[in-house]
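Quick notes on the structure that follows.
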2 protein chains.
Amino acid sequence: MTDQADGSDPGRRPTMVDVARAAGVSLKTVSRVANEVPTVRADLAERVQGAMAELGFKRNHVAANLRSGRTTATIGLIIRDLANPFYSTIAAAATAVAERFDTRLITASSGWDPARERELVLDLFERRVDGLIVVPSGDDQSYFRTEIDRGTPAVFIDSPPDGCRADTALLDNRTGTRDLVRRLIAEGHRGIGTVTDTLNAYTMGERRAGAREALGEAGIDGGRHAARLHSDRPRSAGDAVGAMLDAPDPPTALFCGNNRILLGVVEEMVRRRTRLRLAAFDDFEFAPLLPRPVTVVGYDTRELGRLAAEMLFRRLESPGAETSNHVVPTYLVDRGTEPAPGRRSPPLP
Amino acid sequence: MTDQADGSDPGRRPTMVDVARAAGVSLKTVSRVANEVPTVRADLAERVQGAMAELGFKRNHVAANLRSGRTTATIGLIIRDLANPFYSTIAAAATAVAERFDTRLITASSGWDPARERELVLDLFERRVDGLIVVPSGDDQSYFRTEIDRGTPAVFIDSPPDGCRADTALLDNRTGTRDLVRRLIAEGHRGIGTVTDTLNAYTMGERRAGAREALGEAGIDGGRHAARLHSDRPRSAGDAVGAMLDAPDPPTALFCGNNRILLGVVEEMVRRRTRLRLAAFDDFEFAPLLPRPVTVVGYDTRELGRLAAEMLFRRLESPGAETSNHVVPTYLVDRGTEPAPGRRSPPLP
DNA sequence: CTGAAAGCGCTAACAT
DNA sequence: ATGTTAGCGCTTTCAG
């Protein structure tokens, strides 16, 4: 009895049928107006729009998609941790591209957990996302295969997938590290330590390979001062480098595999009032403020996210194409300052 | 002719009907298995699961939701810029809460544009999100009203909405700033400058009010050294404080309304080799590395996002409750270092 | 415990 | 140019 013509039932959302009744037209005419089909008589269109506004009609995107079977205008983005600037920058760049295609992003964090990654991917496939952008955590992405074959493309960022064919957007980890270590060698360093971790198998592997290449060229045994951390706490990097320095014949230069490792190392340097020639992979916003000079491998993180999203949308437009691998270039840049008074400060944005 | 029993048509996704046929059961039994209804004979359930695996069946979450009309297990998050750590931290915290409710987040950036905010909100309503978390940009949120009345709740972060009733999670901008400025006064400062901006009407208004309150208590005229920037480039803050310092009777202490302003001011200090007692709203990860001592107003950004998400899910569970306003407390903390050699470095995580 | 029929809100294909 | 009918893939009655 509450469902009278005044449509005052607060819980129920008006449908196209309600609008049609209110405007005195057929359901289909309402549908046409909602879809901006031009072949609708002006006065009818106006009446329909009036009814829509009056009832507060909002089209049900879910239902529309179900029947048309077209796109959901949604893509999934699975990263490792949205609170980390590297990943949030990727998310922001991908969101900006998706915007241009009127597509929304479902962003989820796997927290470096392969099982969680898999759950999230399957959930997003069930939601019929048009495509997926993934920073993979596990070493088995074969569960993507069925859906990729059925036409839901995936693009992988930072590490390539294992067990399925897909587009990738990667950093040039190897070249970046090789050039960085070459620089240390050119400066005359022979005792060059490396601190990497075991958490990021692919990228760290590439960086180690780049360092090994440069060291090998110079006939240096890279194994003498090599630490592989099992934790991503900067503290553990500090401890590792402390051990190196306390051992006989300590290194004179040090390559840090990422910026968290660098932070731990710098802290240890400051604690010991020691200087080492520092070098690291990853630039970051406040690297200019570090209290020690460091040469870092920089790259355009936004570009990584942008590229991946562009590749995804390109593939959505032409599904047949061969998979491709894009590599984002790296460069060397000097950061950090001598903690002496009177130095010029680094530029700020 | 290609649609034979081997299900080899690559483009078509198997539906429950396909699974039912393959398993020799009815559609409904498949539905029950998919929904883990316990009252299914074990052997049937097994056959169905076998068929599902074989066909690579993935349930269509979109269709399931359409008929049941229940929740989409999706909430919307509208922030200003995902690349900004403040907002990405909120997004990460909200995502973590949503996780616990098996709910996915659609995250979108409004870019401080009220019109864009409105478009995004309406789009998300059309997608029938279960609720919305919004960092508002405009000063008119009345377009939320219809949907809020129909039972799709919204929670506002950072600034309260205008034109609709909704839960809010806010920072204690006023108290934080008041306590900070009181501290400057207690240290004996009388010439206290303030640099704020006009981009964030609500929060900056609150901060100005807090400063005014502290200055008023001490009988200080806050208007003498007050700059209001119309840009968020740190550079413009540097210029503004430069003008203050060049004017007769310059301030001895300075309150910066946010961290970007602080960065511009610190750069100007370093350029001029000048010292001022610095204070600012917003702590940030690398504040300990600033080459000048600064007292900042800190707060738990994750808590802001967490609170908002908790409020949203609480309301989804009990829609009738009164709207509530949660305030995240602030505290004062000393950051930055004297750029002299031999100082202890700030602690790292 | 299982199945057949109806229907969610919308769009596609066909009339008219 | 408008309306009618069917049906997307699933869940919900309601019968068996």
Side-chain angles (χ1 to χ4, degrees), chain A residues 3 7 9 11-49 51-52 55-73 125-129 150 152, chain B residues 3 7 9 11-49 51-52 55-73 125-129 150 152:
Chain A
D3 209 338
D9 182 346
R12 200 170 151 288
R13 259 175 254 280
T15 70
M16 284 195 179
V17 173
D18 299 319
V19 175
R21 204 167 30 207
V25 298
S26 82
L27 162 65
K28 183 65 215 184
T29 301
V30 177
S31 167
R32 283 196 251 263
V33 172
N35 289 291
E36 294 170 321
V37 174
T39 64
V40 178
R41 233 170 53 211
D43 61 319
L44 282 192
E46 203 166 325
R47 235 159 65 204
V48 169
Q49 273 158 345
M52 283 177 166
L55 297 178
F57 170 79
K58 288 187 178 64
R59 187 232 301 247
N60 187 331
H61 183 269
V62 171
N65 171 256
L66 178 59
R67 171 59 189 162
S68 72
R70 284 209 266 264
T71 75
T72 52
F125 280 143
E126 289 198 349
R127 287 162 186 264
R128 297 294 188 267
V129 291
R150 285 196 184 122
T152 305
Chain B
D3 208 339
D9 183 345
R12 200 170 152 285
R13 260 175 254 279
T15 71
M16 285 195 179
V17 173
D18 299 319
V19 175
R21 203 164 33 203
V25 297
S26 84
L27 162 66
K28 180 65 218 189
T29 301
V30 177
S31 168
R32 283 195 251 264
V33 172
N35 289 290
E36 293 170 324
V37 173
T39 63
V40 178
R41 235 170 52 213
D43 61 317
L44 282 191
E46 203 167 324
R47 236 160 63 205
V48 169
Q49 272 157 345
M52 282 177 167
L55 297 178
F57 171 79
K58 287 188 178 64
R59 184 242 233 94
N60 187 331
H61 183 269
V62 170
N65 171 255
L66 177 58
R67 171 61 219 215
S68 72
R70 282 208 267 265
T71 75
T72 51
F125 281 143
E126 289 198 351
R127 286 161 187 266
R128 295 296 187 266
V129 291
R150 286 197 183 121
T152 305

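For the numbers below, each heavy atom of this structure counts, side chains included, while hydrogens, waters and symmetry mates do not.
- The list of side-chain hydrogen bond (donor to acceptor under 3.5 Å, both in side chains) pairs with a residue in residues 57-69 of chain B, not counting sequence neighbours, reads Asn35(B)-Arg59(B).
- Annotation for Ala22(B) and Ala51(B): closest pair CB-CB, 4.0 Å, computed over non-hydrogen atoms.
- The nucleotide range of DNA chain C contacted by chain B, defined by atoms under 4.0 angstrom from heavy atoms of the protein and reported 5' to 3', is dC1(C) to dG9(C).
- Atom C1' of nucleotide dG7(D) and atom CZ of Arg70(A) are separated by 15 Å, given to the nearest angstrom.
- Arg32(A) meets the salt bridge (Lys or Arg N to Asp or Glu O under 4.0 Å) test with no other residue; sequence neighbours excluded.
- Atoms CZ (Arg67(A)) and P (dT5(D)) sit 16 Å apart, rounded to a whole Å.
- Following rounding to the nearest Å, Arg13(B) (CZ) and dG9(D) (P) show an atom-to-atom distance of 10 Å.
- Taken to the nearest 0.5 Å, the CE atom of Met16(A) stands 11.0 Å off from the OG1 atom of Thr29(A).
- Residues of residues 32-40 of chain B that place a heavy atom closer than 4.0 Å to DNA chain C, in numerical order, are Arg32(B), Thr39(B), Val40(B).
- Between Met52(B) atom CE and dC10(D) atom C1' the separation is 12 Å, expressed in whole Å.
- Of the candidate nucleotides dC10(D), dT11(D), dT2(D), dT2(D) has the atom nearest to the side chain of Leu44(A).
- The nearest whole Å value for the distance from the NE2 atom in His61(A) to the P atom in dC8(D) is 20 Å.
- Residue-environment remark: CD (Glu126(A)) exceeds the threshold of 12 foreign heavy atoms within 6.0 Å.
- The two residues Pro14(B) and Leu55(B) come nearest to each other via the heavy atoms CG-O, 3.4 Å.
- In this model, the phosphate group of dT2(D) is not approached by any side-chain N or O of Thr29(A) to a distance below 4.0 Å at OP1 or OP2.
- Near DNA chain C, meaning a heavy atom under 4.0 Å away, the residues from residues 18-28 of chain A are Leu27(A), Lys28(A).
- Mapping Asn60(A) and Asp43(B) onto DNA chain C via the closest heavy atom, the residue that lands nearer the 5' end is Asp43(B).
- Arg41(A) is linked by a salt bridge (Lys or Arg N to Asp or Glu O under 4.0 Å) to Asp43(A), counting only residues two or more places apart in sequence or in another chain.
- In this structure, Arg41(A) atom CZ and dA1(D) atom C1' are separated by 8 Å, rounded to whole Å.
- With sequence neighbours excluded, the residues forming a side-chain contact (heavy atoms from CB on, under 4.5 Å) with Val129(B) are Thr74(B), Leu124(B), Leu132(B), listed by chain and number.
- Scanning for salt bridge (Lys or Arg N to Asp or Glu O under 4.0 Å) contacts around Arg47(A) gives an empty result, with sequence neighbours left out.
- Rotation axes derived from the C1' atoms of the five outermost pairs at either end of the helix from dC1(C)-dG16(D) to dT16(C)-dA1(D) lie 30° apart, to the nearest 10°.
- Contact record, Val40(B) with Val37(B): CG2-O, 3.6 Å, taken as the closest heavy-atom pair.
- Within 4.0 Å of Arg128(A), counting heavy atoms only, lies no atom of the nucleic acid at all.
- When side chains are defined from C-beta on, Arg127(B) does not count as touching Val62(A), because their heavy atoms never get closer than 4.5 Å.
- A side chain to side chain contact (heavy atoms under 4.5 Å, CB included) with Val19(A) holds for exactly one of Val48(A), Val25(A), Leu27(A); it is Val48(A).
- With sequence neighbours excluded, the residues satisfying salt bridge (Lys or Arg N to Asp or Glu O under 4.0 Å) with Arg21(B) are Asp18(B).
- Taking CZ from Arg12(A) and CZ from Arg150(B), the interatomic distance works out to 10.0 Å, rounded to the nearest 0.5 Å.
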